[in-house]
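Below: one structure, written as structure tokens.
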4 protein chains.
Amino acid sequence: MTDAPPPAGPGRRRRGPSPAKTAATRRALVEAGLALFLDTGYGATRMSDVALRAGLGKGTIYLHFSDKAALFDAVVREVALRTRAQRALPRPRPNEPTRDFLRRVVPPLLGLFRDSGLSRVILLVASEGARLPEVADVYRQVIIDPVLRIVVLYAGRAERRGELRAGPLSRHPLIMVAPVVVTTLYNTLFAGAAPVDVLATFDDFLDLLFAAGAKSPA
Amino acid sequence: MTDAPPPAGPGRRRRGPSPAKTAATRRALVEAGLALFLDTGYGATRMSDVALRAGLGKGTIYLHFSDKAALFDAVVREVALRTRAQRALPRPRPNEPTRDFLRRVVPPLLGLFRDSGLSRVILLVASEGARLPEVADVYRQVIIDPVLRIVVLYAGRAERRGELRAGPLSRHPLIMVAPVVVTTLYNTLFAGAAPVDVLATFDDFLDLLFAAGAKSPA
Amino acid sequence: MTDAPPPAGPGRRRRGPSPAKTAATRRALVEAGLALFLDTGYGATRMSDVALRAGLGKGTIYLHFSDKAALFDAVVREVALRTRAQRALPRPRPNEPTRDFLRRVVPPLLGLFRDSGLSRVILLVASEGARLPEVADVYRQVIIDPVLRIVVLYAGRAERRGELRAGPLSRHPLIMVAPVVVTTLYNTLFAGAAPVDVLATFDDFLDLLFAAGAKSPA
Amino acid sequence: MTDAPPPAGPGRRRRGPSPAKTAATRRALVEAGLALFLDTGYGATRMSDVALRAGLGKGTIYLHFSDKAALFDAVVREVALRTRAQRALPRPRPNEPTRDFLRRVVPPLLGLFRDSGLSRVILLVASEGARLPEVADVYRQVIIDPVLRIVVLYAGRAERRGELRAGPLSRHPLIMVAPVVVTTLYNTLFAGAAPVDVLATFDDFLDLLFAAGAKSPA
DNA sequence: AATGAATGAGTGTTCATTCAT
DNA sequence: TATGAATGAACACTCATTCAT
């Protein structure tokens, strides 16, 4: 279902359009697919619209993807990789409290989370995940699990430094991402309601989490 | 879009089938719709299958609901009300620590959350929410917001009792429900992965939250 | 296909609703059917609407008519008979020129033609005639042919009196009704265009027809 | 509602099937539609049957016509234009009596009227005209009104030549076409009855009309 | 490689007709 | 007789996918 592009290794090519152009076509399709899937959802997106938006013919899609599902898969992977690519997570300074470190590091990530469309893709995957379990799993492996590993890493540091009660967070790292995910979902889903401030919520969440560590010195 | 059943006021007795039977038919349709929407999603559920599952003819659906969307709306409302009906939230005992109270009270609610299909309905609403914003909003008003109001209530209590740093939670009550929602989503979405223990996660979350209050006495 | 009402002969009745009421119900249905068939056409008229308009239940129709087609048949017959009932065609005065006689007699008939809905029924029969040939034939026998016989009658008189060239009109009486039918059709069909004056057209037609007789005295 | 074929201007050559083939497909659909609409009427004609008869897939229809109504519209226009195309109405010879001219000219037109299906299309339009008023109006503008203009033209000639009483016919040209229309309708509608001879009727009609002119010389 | 006309399975919805009450 | 809830055959229309060009 994946339809990966043929490895661009410099084997015997020549003849036929340049691989560069092929890749460009493919990219245009993924881009168009991303935009439309996000806007209209998987089911309501017509293949013909994807082709139209990509400035290509309907049939062309099938030269690059076996299926609507395969296109969707490619779109999700694309967003996943694109987000990962900008990772470059900074490390805490030698004696920096973990809480300060998180305050410094998370907001830009959230901006990325929002702007990359990742949050809307989560919803999208949630929508179609049941029907396309492989897509959901790709998503988990490429995006969710790495994030959780990082949480575990810094949870360990905070625990070792006595900033956090040992155990809970490194056992259940989802706790850390939960507020951001939920507030984002809330805002996306209930567009009619007053939006919740994702960043402020996360900040208050940190306050609660590190209250013990923050208080005890006093 | 709601197609509510006509108020069963004791008007002039109707000839033909009893109103009771009519209500039963409606209920059967909602039930069948619920099961299928949950299992297959909105788009993939065929009206004919709903009828089949309800043991009724296809046309019968349209005697009770104007539309597929109207049926979906009714299904969501039904689940919402059904869940609310079993509320009967106990109150904390006079001197009971809020944390103990939550430990005592939340697990049954979680069971309800899981068993009522509410968690899957959340996903369902999330899936189709974009296409059916009114449904999403009904959902928020009937389910989400009341829960948040209760959270604010007990957050205030905990803060007044010095169990929690004042402010964060009553400002952003979503923090409280986030771990449960996210772990439930995780389990529903990534059926392929090892499931996360929702209850244990919530417990650990409480540990972190009330760490300050638990520690300081020591 | 006719579903005539059971002969009301005073056999063993008693028990069950009075035949009078039955007839009234039947009449209500025919009336409702007439109105709706004329307004919306045969195909677009729903049986449920007929029932609604008659203030009866859907099922009741089928106690009186086996079929939608049977109802239509009854409606057409009803209009046919109703129109005939008001016949009472006056006779020409002893020495009255046929042309004057027609001028005197036809306009009220045209009013009847228009007001009885007969013209619209013609269109209706024309619409569905192909699908319901028996209805069309009933129509011809009950309405058209009698009219043509009358035309033949007076055509003979006019010819005998030297008012009209002998032969053409009594051979082809349709000629006489043609202008009225065509102008009525025109007005009904092309509601967007300026309507043609049916009466004035008929008058001019008479002028042409009797020009010879009218002129020769000069 | 018209779905006219895009102007075949010599733009950038399209890949894929030739425009010629596209036009042929369209034509096949109109042809099939014509045949079936005439045979079974608008309502009773199934789109799938149109496709079948055209030797095409069901979906193909919708590449050329947005709607069943649009197809009907195209069919009616097609017949209208087809009939007009064969116009080439001859003119009266210098001193030819108008009546002789009409006798010479009308019969072939009647043949065309009959064979082109125009008469049946009139009935068809009459059937659906109420539901599709635009179609009826197209019909009037393209077929009916031009014919009436020609009638007015020759009515004037006949009147000027003293063959006809001045006024009536040029005021109400429908009189001229009425016998043909009515006899054709009669034959089409009452297939069960003995058919009326359209041509003979028209001939007798001319006899009556021009009786004055024919008589007075005597 | 690229195209878009052609396809036809699949779906929501309507409505004449039936029948238990 | 009267009713109206229930039925399911029927139909217009959509859209992912194919393939001749």
Side-chain angles (χ1 to χ4, degrees), chain A residues 15-19 21-22 25 43-52 56-69 71, chain B residues 13-19 21-22 25-26 43-51 54-69 71, chain C residues 15-18 21-22 25 43-52 56-69 71, chain D residues 13-19 21-22 25-26 43-52 54-69 71:
Chain A
R15 273 311 103 148
S18 73
K21 195 169 181 191
T22 299
T25 297
T45 294
R46 267 131 45 226
M47 292 299 261
S48 64
D49 286 345
V50 174
L52 196 69
L56 292 166
K58 234 182 321 171
T60 307
I61 302 179
Y62 293 87
L63 298 175
H64 295 266
F65 306 96
S66 65
D67 237 344
K68 191 183 186 183
L71 174 62
Chain B
R13 211 49 185 58
R14 303 230 263 333
R15 208 74 68 94
S18 73
K21 195 170 179 191
T22 298
T25 298
R26 200 192 133 94
T45 295
R46 263 118 71 243
M47 291 301 261
S48 61
D49 286 346
V50 174
L56 293 166
K58 219 177 346 153
T60 307
I61 302 178
Y62 293 90
L63 296 178
H64 296 266
F65 308 96
S66 63
D67 240 344
K68 192 183 184 182
L71 174 63
Chain C
R15 275 308 105 152
S18 74
K21 195 168 181 191
T22 298
T25 298
T45 295
R46 267 130 46 224
M47 292 300 261
S48 64
D49 286 345
V50 173
L52 196 69
L56 293 166
K58 234 181 320 169
T60 307
I61 302 178
Y62 293 87
L63 297 175
H64 295 265
F65 306 96
S66 65
D67 236 345
K68 190 182 186 183
L71 174 62
Chain D
R13 212 46 185 59
R14 303 230 264 333
R15 209 73 68 93
S18 72
K21 196 171 179 190
T22 298
T25 298
R26 200 192 132 93
T45 295
R46 264 120 66 241
M47 292 300 262
S48 62
D49 286 345
V50 174
L52 198 68
L56 292 167
K58 220 183 339 157
T60 307
I61 302 177
Y62 294 90
L63 295 177
H64 296 267
F65 308 96
S66 63
D67 241 345
K68 192 182 185 182
L71 174 63

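Each chain gets a letter, A, B and so on, in the order the sequences are listed, and its residues count up from 1. Quantities reported herein were computed from a predicted structural model and do not represent experimental measurements.
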Report task. Could you say whether B:Ser48 or D:Gly57 is positioned toward the 5' end of DNA chain E, judged by the nucleotide with the nearest heavy atom to each? Result -> D:Gly57
Rounded distance (Å) that lies between atom [atom2] of [N] and atom [atom1] of [X]:
| X | N | atom1 | atom2 | result |
| --- | --- | --- | --- | --- |
| B:Asp49 | E:dG10 | CG | C1' | 12 Å |
| D:Met47 | F:dA12 | CE | P | 7 Å |
| C:Leu63 | F:dT3 | CG | P | 9 Å |
| A:Asp67 | F:dA16 | CG | C1' | 9 Å |
| D:Lys68 | F:dT14 | NZ | C1' | 17 Å |
| D:Lys21 | F:dC19 | NZ | P | 14 Å |
| C:Arg46 | E:dA16 | CZ | C1' | 12 Å |
| A:Ile61 | F:dA16 | CD1 | P | 9 Å |

Query raised in the report: When all nucleic acid strands are considered with a 4.0 Å heavy-atom cut-off, which category describes C:Lys58: base, sugar-phosphate, or nothing?
Result: base
Query - Sequence-distant partners of B:Thr45, side chain to side chain donor-acceptor pair (under 3.5 Å), two or more places apart - result: B:Thr40
Query raised in the report: Roughly how far, to the nearest 0.5 Å, is the CZ atom of D:Arg46 from the NZ atom of D:Lys58?
Result: 11.5 Å
Query raised in the report: If you round to the nearest 0.5 Å, how far is CE of A:Met47 from OG1 of A:Thr60?
Result: 11.0 Å
**Report entry** Bracket notation of DNA chain F in which parentheses pair within the strand, [ ] cross earlier pairs, and | pairs with another strand (Watson-Crick or G-U, under 3.5 Å)
**Finding:** .||||||||||||||||||||
Does [X] make a side-chain N or O approach to OP1 or OP2 of [N] shorter than 4.0 Å?
| X | N | result |
| --- | --- | --- |
| B:Thr60 | F:dA5 | no |
| B:Thr25 | F:dA6 | yes |
| B:His64 | F:dA5 | no |

Query - Positive for side-chain contact (heavy atoms from CB on, under 4.5 Å) with C:His64, one of C:Leu56, C:Thr22, C:Leu71 - result: C:Thr22
Query raised in the report: 5'-most contact on DNA chain F: A:Gly59 or D:Tyr62, nearest heavy atom basis?
Result: D:Tyr62
